[in-house]
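Below is one structure, written out as structure tokens; comments come after it.
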Amino acid sequence: MVMKNILVGAAVVSAMSGWCGVSDLQVEYRNGQVFLRWQEKDLPADARLSVWSGAEPITAGTLDRAVKVASLLNPGGARDWWLDVDSFVVRRSDKARAEEIFAGKVADTDAEKPRSVRGFVITDDGQPVDPAGGLHVHTPGPGKTGKRYFAVTWHHGTGTEVMGLTAAGPAAVGPGKVNAIRIAGKLDRARTEGRPLVVYLHGRGGGVGVDSRGNAVGTHMIFADSTLAWREGIPFKFTVEVRSDGAVWAVLCDRTWLGRKLTPRESDDDRDYVPAVASFWLGYNRNIAVSNLGPEFTWDNYSERVVLRIVRWIQEALGTDPARTYLYGGSMGGSGAVQLALHYPEVFAAAWALVPVYSYTWERMPKFPGLAPSISRMQCSIGLFKPTDRVLMPDGRDLLDYGSGAKNIDRPQVDMPPIFATNGRRDMSIPWVNNPPFFKAANRARQAFAVNWNNGAHGMSREVPPVVSMEKLFRYRLDQAFPAFSNSSDDRNYGDGDPDAGDLTGWINRGMEWSGVKDEPDRFEITLKAAHEDMKYPVVCDVTIRRRQKFKFAPGTEVEVSVNGRKRRTAIDADGLLVVTKVEFPDSGPVKLVCVPPPGGTAGSVLGSERR
């Protein structure tokens with residue numbers, strides 16, 4: 001239902017020519033959101049707009065009883081800034097822009113060529129709205145349904161004096177499920193249902209809404225509620241497609257519209273001096289639309305919530321298999337994949353991360369004094385905080401604590417998603433010093449983790465064998481058990497964080513394979529292999545059975561274990577883990593592991609020799 005404007009403030013519109021302001025507010029409620037559009041005329045460059053909601057008609061006299069649902073909107077909010085390369089790229093000159101976002105392709109920057117300005121598409125397969133007007137999408141919170149009135153006001157800069165008002169209503173606002181808007185392509189549920197979902201997270205400088213020639217990128221868009229961005233109504237675009245590997249791929253964009261450009265005082269990376277900034281997939285300063293200068297730095301994890309919201313929508317609307325959702329990315333995207341996997345192990349089945357940051361710390365590498373610590377990656381979106389500053393979430397959690405992969409993976413009682421990774425010792429973007437603590441913690445907690453490393457730089461992933469394939473990644477499911485290998489005799493020495501300490505080229509858990517899982521209340525079976533052409537046998541490692549679905553027993557319960565017919569006993573440890581130590585692989589052939597409750601075995605009878 002569309003409600004036309006019913007009230008316009010006299011300070012905004014008059015019969016005289018030359019007026020400036022806002023007018024003709026229209027309100028449409030659908031799919032759990034309120035779409036507000038209005039006309040603008042000659043608003044000054046410093047104008048900022050606010051959106052209001054109330055249970056009674058909103059006028060200048062009742063404005064103080066209305067609720068401000070959004071503020072600091074820019075004029076021309078209907079213009080689709082995702083389609084403007086200047087939203088993402090710093091101009092180096094009239095003829096050149098940064099090329100990183102286009103993977104080496106030069107953006108079409110002909111200064112003489114007129115560039116089209118297009119409005120947002122706000123209905124499935126719809127036409128763009130008028131880009132000269134205003135647009136805001138409001139998501140009502142709990143208790144804000146029923147008959148609602150709306151208004152839009154404007155003021156100068158960060159001032160508070162209302163210079164004009166346009167209002168509309170009432171609109172019938174009810175509960176509803178928020179849907180993503182299809183802006184391009186045709187993808188129906190018949191093609192996507194039951195397939196695995198791969199969530200692709202781009203690297204630093206990516207997430208751009210146009211390609212190198214200015215062609216639009218993206219098939220869907222959501223408008224944020226107040227939990228997903230610094231203000232509600234921020235649009236996020238993403239692409240959903242079925243690829244040749246049989247999976248549904250969701251290519252997400254980590255860009256948030258600020259309506260202003262960050263300055264060198266707020267970030268020392270000039271890629272951030274744009275109005276649509278990246279967050280390293282880990283959120284940003286709650287005050288970023290006004291200032292990142294501090295002295296207090298309150299950070300909120302909007303970015304992860306956006307990813308989860310899109311994942312849930314794809315699972316529900318397109319029917320992808322919720323037990324098979326995977327993370328994939330490199331550099332900043334790999335860092336985001338690690339963090340999301342560790343923060344939401346109930347959502348993601350596995351993660352493939354190329355050259356990621358595992359932990360955000362202040363650790364430096366003396367041999368590379370020019371290499372900034374990993375925490376500097378978060379300064380781009382939070383501000384140039386110092387080691388003496390505490391960066392806290394609204395609930396009091398600390399950024400260094402939340403972003404510590406080494407701490408988060410070191411929870412043996414939690415079945416973390418398997419993580420497959422690559423790293424380079426000479427990576428001048430991702431400090432090696434943070435990697436060994438993570439490697440050690442993953443092994444100590446008996447989590448599933450495999451990595452290849454070499455003495456290379458940031459692009460080293462092209463130089464080493466793939467640590468996993470998509471086909472093998474897709475075997476991992478939230479509803480199926482899998483083995484986690486640890487303490488393998490084939491592992492190499494990753495050292496202490498000094499890039500020259502340990503094996504310059506190495507790996508953890510290479511060539512470890514599994515198949516044939518049978519998980520029943522009274523019997524568990526799995527076939528294991530240690531197979532790599534360069535392995536020296538025998539290979540010995542510990543095997544922990546993760547995500548057991550049916551073969552579950554209380555800590556202390558004895559279990560009879562058969563390894564290729566050789567029997568022994570172990571016990572479920574204090575963390576609830578079924579660990580079989582020192583499994584021997586004499587060659588590249590299969591090793592059959594079978595676990596059953598022993599005859600006459602009783603809960604609480606613990607065998608110390610097999611305890612972790």
Side-chain angles (χ1 to χ4, degrees), residues 28 30-33 35 37 76-89 101-103 105 107-108 115-133 135-137 177-193 195-202 205-224 228-229 233-257 276 278 306-307 309-320 328-329 333:
E28 179 184 6
R30 53 184 164 83
N31 297 329
Q33 293 184 304
F35 292 76
R37 296 170 56 192
R79 179 184 72 90
D80 189 347
W81 52 266
W82 282 97
L83 303 181
D84 183 359
V85 70
D86 283 336
S87 298
F88 313 97
V89 187
I101 62 171
F102 299 120
K105 296 180 181 178
D108 186 352
R115 293 179 22 224
S116 61
V117 177
R118 289 168 281 180
F120 281 106
V121 173
I122 60 174
T123 59
D124 285 351
D125 303 321
Q127 295 299 310
V129 300
D130 180 3
L135 171 68
H136 180 71
V137 180
K177 184 177 290 293
V178 175
N179 288 327
I181 297 168
R182 186 175 62 244
I183 57 178
K186 297 288 185 181
L187 191 64
D188 56 40
R189 190 181 177 106
R191 292 188 60 205
T192 59
E193 190 162 16
R195 293 179 183 267
L197 171 63
V198 179
V199 180
Y200 174 75
L201 308 179
H202 63 77
V208 177
V210 290
D211 64 16
S212 62
R213 295 185 177 275
N215 298 315
V217 173
T219 62
H220 293 79
M221 179 172 62
I222 62 169
F223 286 95
L228 302 183
I234 300 291
F236 293 95
K237 288 189 178 182
F238 57 100
T239 297
V240 185
E241 58 190 4
V242 178
R243 294 192 177 177
S244 59
D245 57 16
V248 176
W249 281 66
V251 182
L252 276 53
C253 295
D254 179 30
R255 291 284 184 163
T256 297
W257 178 257
V306 170
V307 173
R309 181 68 57 85
I310 293 173
V311 166
R312 283 197 296 270
W313 178 81
I314 293 173
Q315 290 174 344
E316 294 173 3
L318 299 179
T320 60
Y328 177 70

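Quantities reported herein were computed from a predicted structural model and do not represent experimental measurements.
- We find the CZ-CE distance between Phe120 and Met221 to be 6.0 Å, quoted to the nearest 0.5 Å.
- Between Asp84 and Arg79 there is a side-chain heavy-atom pair separated by less than 4.5 Å.
- Annotation: the span from Thr219 atom OG1 to Glu241 atom CD amounts to 7.5 Å, rounded to 0.5 Å.
- Considering all non-hydrogen atoms of both residues, Gly185 and Asp125 come closest at O-OD1, 4.1 Å.
- Between the CD1 atom in Ile222 and the CD atom in Gln33 there is a gap of 8.5 Å [rounded to 0.5 Å].
- For the pair Leu187/Val242, a side-chain contact is recorded, criterion being any heavy-atom separation below 4.5 Å from C-beta on.
- Taking the six-membered ring where tryptophan is involved, the planes of Tyr200 and Tyr328 are tilted, since the angle between them lies from 30° to 60°.
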**Item:** From CA spacing to verdict: side chain to side chain contact (heavy atoms under 4.5 Å, CB included), Asp254, His202
**Value:** CA-CA 8 Å; Asp254 179 30; His202 63 77; 3.6 Å; yes
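- To the nearest 0.5 Å, atoms CH2 (Trp81) and CG (Asp86) are separated by 13.5 Å.
- Taking every heavy atom of both residues into account, Gly119 and Pro128 meet most closely at O-CB, 3.2 Å.
- In this structure, Lys177 and Glu316 have side chains that are in contact, with non-hydrogen atoms separated by less than 4.5 Å.
- A donor-acceptor contact shorter than 3.5 Å links the side chain of Asp124 to the backbone of Arg182.
- Taking 4.5 Å as the limit, every side-chain heavy atom of Val178 sits out of range of all side-chain heavy atoms of Arg309.
- Residues Phe88 and Trp82 bring their aromatic ring centres within 6.0 Å.
- Here Asp245 does not pair with Arg195 in a salt bridge; the nearest charged N to carboxylate O distance is not below 4.0 Å.
- Side-chain atoms of Thr192 come within 3.5 Å of backbone atoms of Leu318 as a donor-acceptor pair (strictly under, hydrogens ignored).
- Of all the heavy atoms in Val121 and Gly126, the pair that sits closest is CG1-O, 3.5 Å.
- Between atom CG of residue Leu228 and atom CZ of residue Phe223 there is a gap of 13.0 Å, rounded to the nearest 0.5 Å.
- The closest side-chain heavy-atom distance from Ile181 to Thr123 is not below 4.5 Å.
- Ionic pairing of Arg37 and Asp130 is not present here: no N-O contact between side-chain nitrogen and carboxylate oxygen is shorter than 4.0 angstrom.
- Counting only heavy atoms from C-beta outward, the side chains of Lys237 and Ile183 approach each other to under 4.5 Å.
- Side chains of Val208 and Arg255 form a contact here, defined as non-hydrogen atoms less than 4.5 Å apart.
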**Request:** Show your reasoning for whether side chain to side chain contact (heavy atoms under 4.5 Å, CB included) applies to Val199 and Val311.
**Result:** CA-CA 8 Å; Val199 180; Val311 166; 3.7 Å; yes
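- Judged by the 6.0 Å and 45° rule, Arg30 forms a cation-pi pair with Phe35.
- Summarising the geometry of Pro196 relative to Gly246, their closest heavy-atom pair is CD-O, 4.1 Å, with the distance given to 0.1 Å.
- With contacts defined as side-chain heavy-atom distances shorter than 4.5 Å, the pair Val240/Val248 qualifies.
- Across every non-hydrogen atom of Ala184 and Gly218, the tightest pair is CB-O, 3.6 Å.
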**Request:** Please test Ser87 against Trp257 for side chain to side chain contact (heavy atoms under 4.5 Å, CB included), starting from the C-alpha separation and ending with a verdict.
**Result:** CA-CA 8 Å; Ser87 298; Trp257 178 257; 3.8 Å; yes
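- If you take CD1 on Ile122 and CD on Glu28, they are separated by 6.5 Å, rounding to the nearest 0.5 Å.
- Minimum heavy-atom separation, Ala216 to Leu83: CB-CD2, 3.6 Å.
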